[in-house]
Amino acid sequence: MEDQFPIIDISKLVASQGKDETILKETANELMDGFSKWGFIYLKGHPITEESIEKMFQDSEAFFKQPVEKKNEVLMNSRDTDYIIGYVPFKKETFDASKPFDLKEAFDYMHHMRPEMKSKLSPEFFELFRNFFTQCHDLTFLIFRLLAISLDLEDLEFFHKAHDKLGRLGNTTLLRSLYYPAVERSDILEEQSRCAEHTDYGTVTLLFQNSGGLEVKSPSGDFIKAKVIPGTIVVNAADLMERWASGRIKSTPHRVTIQTDMSKPRQCLAFFVSPDNDCLVECVDGSDKYEPINSYDYLDRRFKETLSKN
C-alpha cells in the first residue's frame with residue numbers, strides 16, 4: 001500500500017515568478033501526475049511564510065478559546081447566501097447525515113464581510129485573515145496556470161477567468177480556520193468523527209496543518225495518514241475540478257478520524273477555492289462525461305447537505 005502522496009517543490013517556479021516556460025511545464029506534469037493518481041499533493045517551496053501561518057494558528061486558537069457567547073457575536077447566518085461568513089459552532093456540521101455531528105467548530109472568512117460583523121472583530125484579527133486570504137489567492141492563481149497547462153488548454157488564463165470575482169461578491173471562495181476541541185472519549189458517540197469522510201466541493205483546496213489527523217483515500221482504496229511535513233501545504237482537487245477535467249483529475253475522499261489521544265485539540269487552516277457563482281462548469285475536453293452544471297447551484301446544494309440537524 002502506498003503511504004504518501006507526492007511532494008512537488010515549486011521553489012524554482014516561485015523564483016522565476018512563474019515565467020520560466022520549461023519549469024512551468026515540468027511542474028504542471030508533476031501536478032497532473034499527483035492529481036490524476038491521488039487527487040492530493042504536498043506543495044513545497046511555496047511563498048507563504050511559516051511566520052504568517054503560525055500567527056494564523058495562534059490567533060485562531062485564541063478566538064476559539066473565547067466563551068461561546070463571544071463567538072456567537074459573529075455567528076454564521078446560513079440563510080444569508082451572499083455572506084456565508086462567521087463562526088460555525090460545535091454540532092453544526094456533518095458530512096454524513098447517517099452519523100452524529102462532526103466534532104469541530106470553525107470560523108469562515110471572506111473579504112466582503114458585512115460591516116456589522118466586521119465591527120465585532122478586532123482590526124488586527126480581520127487584517128490577519130485579509131492578508132492570509134490574499135497570499136492564498138496569489139498562490140492559487142499560480143496553481144491555475146499549472147492546471148491549464150496540464151490539461152492542454154490553449155487559453156492559459158481559463159481558470160483565472162472562471163474565478164475572476166475571487167475575493168469579491170459573486171464568488172464563494174473562503175478561508176476557514178478549523179478547531180477540533182479536546183473531547184473526553186466517554187462523550188464520543190458511536191461512528192462519530194472529527195470530520196466525516198467527504199470530498200471538497202469546489203476547484204482546489206489549500207490545507208495548512210500543524211498536527212496529524214487527516215486521512216486520504218489512496219489509489220488502492222485504503223485510507224492513509226497524511227503526514228505533517230514542515231514547510232509544505234497539502235493541496236487537493238475538488239469536485240468541480242474533476243468535472244472540468246472529465247475525470248482525469250480526482251476529487252478524493254478524505255476524513256479526520258477519532259485519534260487515540262483526544263485530550264488535545266487539533267487545528268488546521270483551509271482555503272476552499274470555488275469558481276464564480278455564474279460560472280458554467282463543463283468538461284474542457286468537449287466530452288460529455290459530466291453534464292454542464294452551474295457552479296453556485298452545485299456548491300449551494302452540497303453546503304446545505306453538511307448542515308447538521310442537531
I want to check a possible cation-pi pair here: Lys118 against Phe126, using under 6.0 Å from ring centre and within 45° of the ring axis as the test.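 Here Lys118 passes the 6.0 Å and 45° test against Phe126.
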Geometric class of the Phe159/Phe144 ring pair [parallel <30°, tilted 30-60°, perpendicular >60°]: tilted
Charged N to carboxylate O under 4.0 angstrom, Glu105 versus Lys71?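 Salt bridge flag = yes for Lys71 with Glu105.
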So that I know where these two stand, are Phe129 and Phe133 an aromatic pair - ring centroids less than 6.0 Å apart?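 Phe129 vs Phe133: aromatic centres not under 6.0 Å.
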What residues, two or more places apart in sequence or in another chain, satisfy side-chain hydrogen bond (donor to acceptor under 3.5 Å, both in side chains) together with Tyr109? His111
Just by distance, do the side chain of His112 and the backbone of Met110 share a donor-acceptor pair under 3.5 Å?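 Not a single qualifying donor-acceptor pair exists.
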Short question: side chain of Asn294, backbone of Leu280 - any donor-acceptor pair under 3.5 Å?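 Checked: no pair found.
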Is any side-chain heavy atom of [X] less than 4.5 Å from a side-chain heavy atom of [Y]?
X: Ile41; Y: Asp33; value: no
X: Val234; Y: Gln209; value: yes
X: Phe223; Y: Ser218; value: no

Without hydrogens or angle criteria, can the side chains of [X] and [Y] be said to hold a donor-acceptor pair below 3.5 Å?
X: Tyr296; Y: Asp278; result: no
X: Thr173; Y: Ser274; result: no
X: Thr203; Y: His163; result: yes

Spacing of CG belonging to Leu43 relative to CD1 belonging to Ile229, to within rounding of 0.5 Å: 11.5 Å
Is the number of heavy atoms from other residues, nucleotides or ligands under 6.0 Å of Glu291 CD greater than 12?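 No.
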Any chance CG of Asp288 has more than 12 other-residue heavy atoms, nucleotides or ligands included, within less than 6.0 Å?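 Count not over threshold, so no.
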Between Glu26 and Lys12, is a salt bridge (charged side-chain N to carboxylate O under 4.0 Å, His left out) present by the stated rule, with each step listed? CA-CA 11 Å; Glu26 290 174 351; Lys12 291 181 180 179; over 6 Å; no
Result of checking Phe40, Phe35, Tyr42 against Val235 for side chain to side chain contact (heavy atoms under 4.5 Å, CB included): Phe35
